[in-house]
Amino acid sequence: MSTTQLLNFVDGEWSHSSATESLTIPNPATAQSIAVLPVSPAPDVDAAVQAATRAFPEWRRTPAGERIQYLFTFKTLLEEHLDELAQTITNECGKTYTEAAGEMRRGIENVEVACGIPSLLQGLYSEDIARGIDETMIRQPVGVVAAITPFNFPGMIPLWFLPYAIACGNTFILKPSDKTPLTAQKIFTLLEQTGLPKGVANLVNGAKETVDALVDHPEVRAISLVGSTPVAKAVYARATANGKRAQCQGGAKNPIIVLPDANIEDVAQVAAESAFGCAGQRCLAASLAITVGDAAQPFVEAMADVAIRRNVGYGLDAGVEMGPVIRAESKARIEQLIQTGLDDGAQAIVDGRQAQVASYEQGYFVKPTILTEVQPGSQIATTEIFGPVLSVMPAKDIDAALSLVNGQRYGNMACLFTRSGAAARKFRYEAQVGNLGINVGVAAPMAFFPFSGWKDSFFGDLHGQGRDAIDFYTEKKVIVERWG
Ligand code: NAD
């Protein structure tokens, strides 16, 4: 496979970065280099911001109904190129082709929702707020906005932001992941084919230095970031200190509660998909299973059976159900965390370390791992592993299980498996978590709902997707009028 030199897309043109530093991008299944990423420095960021600033006045004046025509074309192009996009995701990110195609589908869904912007942008009007006086609220775009995205959904997560930002009349800069930048390159090639006016959407490759330049640039009005909690927290603090609007989605440690009345065989299938799908590298991956009462033994047995049978390999090969993790360092970190868990008293019911995958000996594979007797508060119980590792711990009843859920620093997702409506209602009412699943293992909000992380999983007020995205990407202006 050839090595791609990644380019920036600025002011409607593909251009080489002025970077002196670059990063090599491997295919995580083979460890072979597939691309070289420039770490774009501040002058490259400035060029993109200047292009976006120049494009803004005319784009803002373009009626919303005209702006979305580019998005309709974009959706069609994304659909037509879905196979190529999914293959790119598998090759740079490691997930299976089915997972990659599913990711693109969820991304396209955001383009579809943003095509409804003309009605979503509508304001409010009150006649006669006092005698002969009327009041109106209209929405206007914010200006130049930027999004910084993580490695694990290189197709979907840029589309949590780009369609809404430009449909609302803003001009936009994407800084994709420095680990999985190839998909964004293809997405921008398609965007270019829509005929979108130059400067409306720009792509700048890079890493921390590039992010800092965006977050510090006075012309950038709003920052969206999805990444790990330390980065989300730091970027939120820096962006808001610079007077910018910010929404920063962070990491997770997602618990699932299994009540003894649930159908344990079915739960094991769903829980395995949540814990091991995308090699556990989802911010909505189940990482802790809290078994209540008698659920413990049958759940662990059923999970072990499903985990051992999971077919691990290169995501483009037929029948493969789980790919590698993203980097050799990630594999080493995950295996070290498992060892720490064992040292702290956990038992490995299934141990996925030292995984060997025929024909892919250099790949960064960790097979499904299940740990029991995990102690609440221990490192393995509290750290985001971001690998295919499920820790199991018992609780005597749903109250004890909920207190484990609510004792966590993260609040991205929690799930409950039960046949009891009363238990489900209690869970929905009391869980201090933003995205809940009830008899669902990956509670991923549809594009017309907010992606609602809480606590250390989110820094900001307005979430990504849905109506929150419209609020984030617009300023509200209120006019009080008296005539004659
Ligand atoms: P990361 O924090 O390493 O990187 C995220 C982005 O920030 C990348 O574009 C990266 O280039 C940039 N970045 C990295 N370090 C930086 C720094 N010090 N200063 C400024 N920018 C920096 O995250 P990742 O490893 O790419 O992604 C995995 C993480 O993202 C996990 O923690 C996962 O839970 C989280 N995630 C969260 C959600 C969510 O919706 N809450 C969704 C997907 C992933």
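First listed ligand is number 1; within each ligand, the first listed atom is number 1. Nothing fancy with the numbering, it's 1 onward along the sequence. Keep in mind it's a predicted model, so treat the numbers as computed, not measured.
Looking at Ala147, Ala252, Gly250, Ser287, it is Gly250 that brings a heavy atom closest to atom 37 (C) of ligand 1. Distances from atom 14 (C) of ligand 1 to the heavy atoms of Val231, Leu23, Asn435 show the closest one on Val231. The nearest non-hydrogen atom to atom 5 (C) of ligand 1, considering only Ile326, Thr180, Leu225, Val226, comes from Val226. Comparing Val39, Val211, Thr149 by heavy-atom distance to atom 20 (C) of ligand 1, the nearest is Val211.
Asn242 and Asp216 form a side-chain donor-acceptor contact under 3.5 Å, judged by distance and modelled atom types alone. Side-chain contact of Asp46 with Gln50: a donor-acceptor pair under 3.5 Å is present, judged by distance alone.
Taking every heavy atom of Gly251 and a limit of under 4.0 angstrom, the matching atoms of ligand 1 come to 32 (O), 34 (O). Close contacts between ligand 1 and Lys175 involve ligand atoms 8 (C), 9 (O), 10 (C), 11 (O) [criterion: under 4.0 Å to a heavy atom]. Proximity to Gln249 (heavy-atom distance under 4.0 Å) selects the following atoms of ligand 1: 39 (C), 40 (O), 41 (N). In summary, the atoms of ligand 1 found under 4.0 Å from a heavy atom of Ile148, numbered by their order in the structure, are 6 (C), 7 (O), 9 (O). Under a 4.0 Å criterion applied to the non-hydrogen atoms of Asn412, ligand 1 contributes the atoms 41 (N).
With respect to atom 35 (C) of ligand 1, the closest heavy atom belonging to the protein is Gly227 O, 3.1 Å. Annotation: atom 2 (O) of ligand 1 to nearest protein heavy atom, Ser228 OG, 2.6 Å. Closest protein heavy atom to atom 36 (N) of ligand 1: Cys283 CB, 3.6 Å. For atom 27 (O) of ligand 1, the closest non-hydrogen atom on the protein side is Pro150 CB, 3.3 Å.
A donor-acceptor contact shorter than 3.5 Å is absent between the side chain of Glu21 and the backbone of Val39. Looking only at distances, a side-chain donor or acceptor of Asn110 sits under 3.5 Å from a matching main-chain atom of Arg106. At distances below 3.5 Å, at least one donor-acceptor pair connects side-chain atoms of Asn170 with backbone N or O atoms of Val142. Between the side chain of Gln362 and the main chain of Thr30, no donor-acceptor pair closer than 3.5 Å is present.
Within the structure, salt bridge (charged side-chain N to carboxylate O under 4.0 Å, His left out) contacts touching residues 324-333 (residues at least two apart or in different chains) are Lys331-Glu335. Sorted by first then second residue, the ring-ring contact (aromatic ring centres under 6.0 Å, His included) pairs that include residues 13-49, not counting sequence neighbours, are Phe9-Trp14.
Within the 4.0 Å heavy-atom criterion, neither part of Thr229 lies near ligand 1. Residue contacts with ligand 1 for Asn152 involve side-chain atoms from C-beta outward but no N, CA, C or O (heavy atoms, distance under 4.0 Å). Contacts of Phe451 with ligand 1, taken as heavy-atom pairs under 4.0 Å, involve the side chain alone. Contacts between Phe386 and ligand 1 below 4.0 angstrom, taking non-hydrogen atoms only, involve the side chain exclusively. At a heavy-atom distance under 4.0 Å, only side-chain atoms of Lys179, from C-beta outward, approach ligand 1.
The pair Glu103-Lys95 meets the salt-bridge criterion, with a side-chain N (NZ, NE, NH1 or NH2) lying under 4.0 Å from an Asp/Glu carboxylate O. No salt bridge links Glu475 with Arg221; every basic N to acidic carboxylate O contact stays at or beyond 4.0 Å. Ionic pairing of Glu273 and Arg310 is present here: one or more N-O contacts between side-chain nitrogen and carboxylate oxygen are shorter than 4.0 angstrom.
An N or O contact shorter than 3.5 Å links Glu384 to ligand 1 by distance. Where the criterion is an N or O separation shorter than 3.5 Å, residue side chain and backbone included, Asp178 meets it with respect to ligand 1. Looking at Phe151 next to ligand 1, an N or O pair under 3.5 Å apart turns up. In terms of polar-atom proximity, Lys208 is not counted as a contact of ligand 1, lacking any N or O under 3.5 Å from an N or O of the ligand.
For an aromatic pair to be called close, the ring centres must be under 6.0 Å apart, and Trp59 with Tyr70 satisfies this.
Nearest heavy-atom pair across Gly453 and Phe458 is O-CB, 3.2 Å.
Taking the six-membered ring where tryptophan is involved, the planes of Tyr360 and Tyr314 are tilted, since the angle between them lies from 30° to 60°.
Between Ile157 and ligand 1 there is a heavy-atom distance shorter than 4.0 Å. Ligand 1 lies nowhere less than 4.0 angstrom from a heavy atom belonging to Ala234. Judged by the shortest distance from any of its heavy atoms, Ser177 lies inside the 4.0 Å radius around the atoms of ligand 1. In this structure, Trp160 is part of the shell of residues with a heavy atom less than 4.0 angstrom from ligand 1.
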Under the salt bridge (charged side-chain N to carboxylate O under 4.0 Å, His left out) rule, what do Arg139 and Asp471 come out as? Steps first, then yes or no, please. CA-CA 9 Å; Arg139 292 173 181 278; Asp471 281 336; 2.8 Å; yes
